[in-house]
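Note sheet for the following structure.
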Amino acid sequence: MSRLEAKKPPLFITEPLTADGVSQSLSLLSGILKSCYGPAGRLKQLHNGVGGYVCTTSQSSAILSRLPVSHPVLGVLMASVQSHVSRFSDCGLFTAILCCSLIENFKSLNVAPCTVIKISKHLLSLCMDYLKSEACGCRVAVDFSSVETLLCLVRSVLRSKPACMLNKTEVDHLTTLILKAFLFTVPRHAESNAVLGKCVIVPMKGRRVMDSAVLPGLLIETPEIQLAKPLTVKRTCSDMIKIALFCVSMSGDSFNPKEGTITVHCGISLEMSELNQLLNVGKQLVNDEVGLVVCQKVIHPSLKQYLKENGVIAVDRAGLSLMEPLSWMTGSKPIASTHDLSPSCYGSLKDVCIETFASKNFMHLIPNDTVVCSLVLCNRNETAWDELKRACETAEHVLQLTLKEPLALLGGGCTETHLASYIRHKSCSLSTSSFEDIDCSQTQYQLVTDGFCRSLESVARSLNHDDGEILTDMVYGHCWFVPPGFPFVSSWSDLVSKCGCGINGNGENLKWRLLQGQSGSPVIQDCPKEPLVKVADLLTLDCYAAKCSGLQVALETANLILDLLYVIKDQN
């Protein structure tokens with residue numbers, strides 16, 4: 001008999017943010033995330049206490065899913081950011097760092113949490129209205145008739161992932177491939193219910209990055225096919241290749257004893273009965289002029305041989321992951337039974353050929369209309385490849401979001417410092433009636449505004465990992481990085497060439513101020529101006545939809561945590 005214990009009462013934690021352990025954990029989490037941020041971010045190795053796979057990364061999707069937190073407050077923060085990343089793939093570290101900074105700055109104010117929440121919601125609405133307006137100085141329109149801005153978006157994603165271990169040439173090569181793969185998935189004919197296609201990543205670990213390639217259609221690894229022999233495929237009278245797609249096993253052992261018992265008459269072989277049924281399917285496929293048979297599972301060797309003798313190529317063990325893109329690309333319907341074969345389930349292909357990558361043979365299925373493509377992705381080792389795969393998926397998602405909303409935000413910390421400058425300017429021109437509407441005093445409003453702006457600026461400061469000074473100019477409100485090792489000087493123009501996003505040079509007679517971590521930064525009286533040129537080579541850009549969502553999620557999560565009065569924890 002098991003030992004019985006008295007049930008323990010739940011643990012009530014009052015005002016959890018005031019506990020020393022929570023503040024220390026929050027500060028530690030913030031420090032970890034800040035150290036990963038940007039192209040110069042430091043890598044993290046994550047593994048559990050009993051060994052196993054070691055993940056080397058600086059990406060939020062990998063860090064947040066593997067970083068355990070014990071306190072419920074941090075659990076809320078992590079869950080909110082992970083939810084954002086699952087929807088947008090990008091700006092996860094931005095969201096988490098901003099949320100931590102908002103909590104730390106708001107908590108240090110001598111202002112009631114309910115007042116802080118009301119003021120911060122007002123500030124968020126100012127930010128969102130500005131980002132949605134045509135007058136926004138940190139927003140760039142994306143023109144899909146030109147690839148320059150799209151290349152900048154993809155390049156910015158790849159450059160921010162140092163664990164991919166890419167040099168400039170490799171970044172440029174992959175940027176072109178990812179954009180080309182994305183354009184393959186965009187339907188040629190615009191429809192009201194148009195759906196984007198799919199890019200299937202084919203792994204090639206231990207190979208040069210420059211060996212990566214993108215091909216229209218699908219690649220299926222077929223080690224049994226000899227490259228030396230010419231590939232002949234049966235075609236229909238219209239010069240198309242008819243394809244049948246099976247999602248059921250064709251191995252001849254489909255009967256599962258666990259599903260029940262069957263009675264077999266004396267002299268009848270169950271295996272031969274199954275094989276005869278498969279051969280009947282093969283005969284129908286030949287009669288229907290099918291040229292290619294692809295099976296998710298295994299095809300019986302006798303059926304394979306029969307199909308081969310009749311000019312039909314049979315590919316088995318394709319796997320579940322290829323079923324959807326195969327069906328999508330060919331128009332075929334996966335056949336789930338060998339006893340009911342309808343010609344309406346067949347699809348078609350334009351051509352089939354053999355491709356070789358890194359001594360591996362692939363069957364290349366070329367569709368009539370390209371909505372599915374294959375990205376052969378190469379990198380030096382498994383760790384770098386895993387990180388590169390996540391980066392490519394993020395870049396593809398960013399392009400999809402941009403297609404839906406063709407806008408981008410300036411990167412390199414410039415959007416954050418520009419927004420902070422704008423909010424400081426707007427806070428100086430609020431009327432007395434506005435304070436009454438928010439139900440706060442002018443002093444409280446200025447305190448919360450300063451904490452909000454310092455939180456935005458702290459994200460920009462997190463991009464600097466080399467102890468150099470960080471500036472913002474008094475005209476555009478952009479972020480500028482001073483190389484490390486230079487003392488404080490009165491003329492910063494000699495030390496900086498371009499702002500963080502790369503859109504502004506130091507040719508103008510700009511005035512500067514240092515971005516400080518503490519309060520007391522001077523308020524910019526004038527509204528920050530819009531740069532004269534909005535497109536430049538090697539511009540650093542961020543996904544508009546992802547960053548706007550990250551800003552909202554960060555502030556709403558910070559407000560939720562500030563509003564926590566009790567944490568009730570079950571101890572049983």
Inset, instruction - Please determine, by modelled atom types, if Ser348 and Asn368 share a side-chain donor-acceptor pair under 3.5 angstrom. - result: yes
Inset, instruction - Under the side chain to side chain contact (heavy atoms under 4.5 Å, CB included) rule, collect the residues that match up with Ser302, sequence neighbours excluded. - result: Leu275, His300
Legend entry - Distance in Å, Leu33 CG paired with Cys99 SG, rounded so as to fall on 0.5 Å steps: 10.5 Å
Inset, instruction - Indicate yes or no: at least one non-hydrogen side-chain atom of Thr356 is less than 4.5 angstrom from one of Lys360. - result: no
Inset, instruction - Report, as yes or no, whether the 6.0 Å neighbourhood of atom CZ on Arg317 holds more than 12 heavy atoms from other residues, nucleotides or ligands. - result: no
Inset, instruction - For Asp316 and Lys304, run salt bridge (Lys or Arg N to Asp or Glu O under 4.0 Å): C-alpha distance rounded to whole Å, both residues' side-chain angles, the deciding distance at 0.1 Å, then the answer. - result: CA-CA 9 Å; Asp316 61 353; Lys304 259 190 176 182; 3.2 Å; yes
Inset, instruction - Could you tell me whether Glu324 atom CD has more than 12 heavy atoms of other residues or ligands within 6.0 Å of it? - result: no
Inset, instruction - Please lay out, stage by stage, how Leu77 and Cys100 fare under the test side chain to side chain contact (heavy atoms under 4.5 Å, CB included). - result: CA-CA 8 Å; Leu77 192 156; Cys100 290; 3.9 Å; yes
Inset, instruction - For Leu153 and Ala408, work out which heavy atoms get closest and say how close. - result: CD2-CB, 4.2 Å
Legend entry - Euclidean distance, Arg42 CZ relative to Ser58 OG, rounded to 0.5 Å: 11.0 Å
Legend entry - Modelled atom types, side-chain donor and acceptor of Asp90 and Thr394, under 3.5 Å: no
Inset, instruction - Decide yes or no for Asp542 and Leu410: does some side-chain heavy atom of the first lie under 4.5 Å from some side-chain heavy atom of the second? - result: no
Legend entry - Note, His364 side chain near Ile354 side chain (heavy atom, < 4.5 Å): no
Inset, instruction - Grab the two heavy atoms, one from Val372 and one from Pro325, that are nearest each other, plus how far apart they are. - result: CG2-O, 3.8 Å
Inset, instruction - Using the side chain to side chain donor-acceptor pair (under 3.5 Å) rule, take Ser549 and His84 through it: C-alpha gap first, then chi angles, then the decisive distance, then the call. - result: CA-CA 7 Å; Ser549 170; His84 162 82; 3.1 Å; yes
Inset, instruction - Determine, for Arg380 against Glu170, whether the closest basic-nitrogen to carboxylate-oxygen distance falls under 4.0 angstrom. - result: yes
Legend entry - Lys234, NZ: over 12 other non-hydrogen atoms inside 6.0 angstrom: yes
Inset, instruction - Considering non-hydrogen atoms only, spot the tightest contact between Gly217 and Pro367 and give its length. - result: CA-CD, 3.5 Å
Inset, instruction - With rounding to the nearest 0.5 Å, note down the distance linking CD in Glu289 to CD1 in Ile241. - result: 12.5 Å
Inset, instruction - Can you see which heavy atom on Leu278 is nearest to which on Ser251, and at what distance? - result: CD1-C, 4.2 Å
Legend entry - Lys283/Asp288 ion pair, N-O < 4.0 Å: no
Legend entry - Approximate separation, where rounding is to 0.5 Å, of Asn361 CG and Leu219 CG: 11.5 Å
Inset, instruction - Quick one: list whatever passes salt bridge (charged side-chain N to carboxylate O under 4.0 Å, His left out) with Arg66, sequence neighbours left out. - result: none
Legend entry - Short side-chain donor-acceptor distance under 3.5 Å, Gln59 and Thr57: no
Inset, instruction - List the atom of Lys161, the atom of Ala391, and the distance in Å for their closest heavy-atom pair. - result: CG-CB, 3.8 Å
Legend entry - Within 6.0 Å of NZ in Lys205, more than 12 heavy atoms from elsewhere: yes
Legend entry - CA sep, side-chain torsions, deciding dist, call: Phe88, Lys547, side chain to side chain contact (heavy atoms under 4.5 Å, CB included): CA-CA 9 Å; Phe88 295 93; Lys547 198 143 205 177; over 6 Å; no
Legend entry - Any donor-acceptor N/O pair, Asn310 side chain to Val312 backbone, under 3.5 Å: no
Legend entry - Over-ring placement of Lys297 relative to Phe246, 6.0 Å and 45° cut-offs: no
Legend entry - Heavy-atom closest contact (Leu285 atom, Ala244 atom, distance): CD2-CB, 3.9 Å
Legend entry - Separation of Ile97 CD1 from Ser30 OG (nearest 0.5 Å): 7.0 Å
Legend entry - Among Val553, Thr95, Val85, the one residue meeting side chain to side chain contact (heavy atoms under 4.5 Å, CB included) with Ser80: Val553
Inset, instruction - For the residue pair Val315 and Cys295, establish whether any side-chain heavy-atom pair is separated by less than 4.5 Å. - result: no
Legend entry - Pair Arg208 + Asp211: basic N to acidic O under 4.0 Å: yes
Inset, instruction - Please examine the side chains of Pro203 and Trp385, heavy atoms only from C-beta on, and report whether any two atoms are closer than 4.5 Å. - result: yes
Legend entry - Check: Val376 and Glu355 side chains under 4.5 Å, non-hydrogen atoms: no
Inset, instruction - Answer whether the closest heavy-atom distance between the side chains of Val371 and Val195 falls below 4.5 Å. - result: no
Legend entry - Donor-acceptor under 3.5 Å (Ser156 side chain, Leu541 main chain): yes
Inset, instruction - Taking the side chain as every heavy atom from C-beta outward, state whether Val290 and Tyr346 have any atom pair closer than 4.5 Å. - result: yes
Legend entry - salt bridge (Lys or Arg N to Asp or Glu O under 4.0 Å) between Asp386 and Arg390, intermediate numbers included: CA-CA 6 Å; Asp386 290 341; Arg390 284 190 289 265; 5.8 Å; no
Legend entry - Inter-residue atom distance Asn379.CG - Leu166.CG, 0.5 Å rounding: 6.0 Å
Legend entry - Stepwise side chain to side chain contact (heavy atoms under 4.5 Å, CB included) test for His47 and Tyr53: CA-CA 6 Å; His47 60 96; Tyr53 178 73; over 6 Å; no
Inset, instruction - Give the intermediate values and the outcome of side chain to side chain contact (heavy atoms under 4.5 Å, CB included) for residues Met363 and Ile313. - result: CA-CA 10 Å; Met363 185 174 290; Ile313 297 176; 3.5 Å; yes
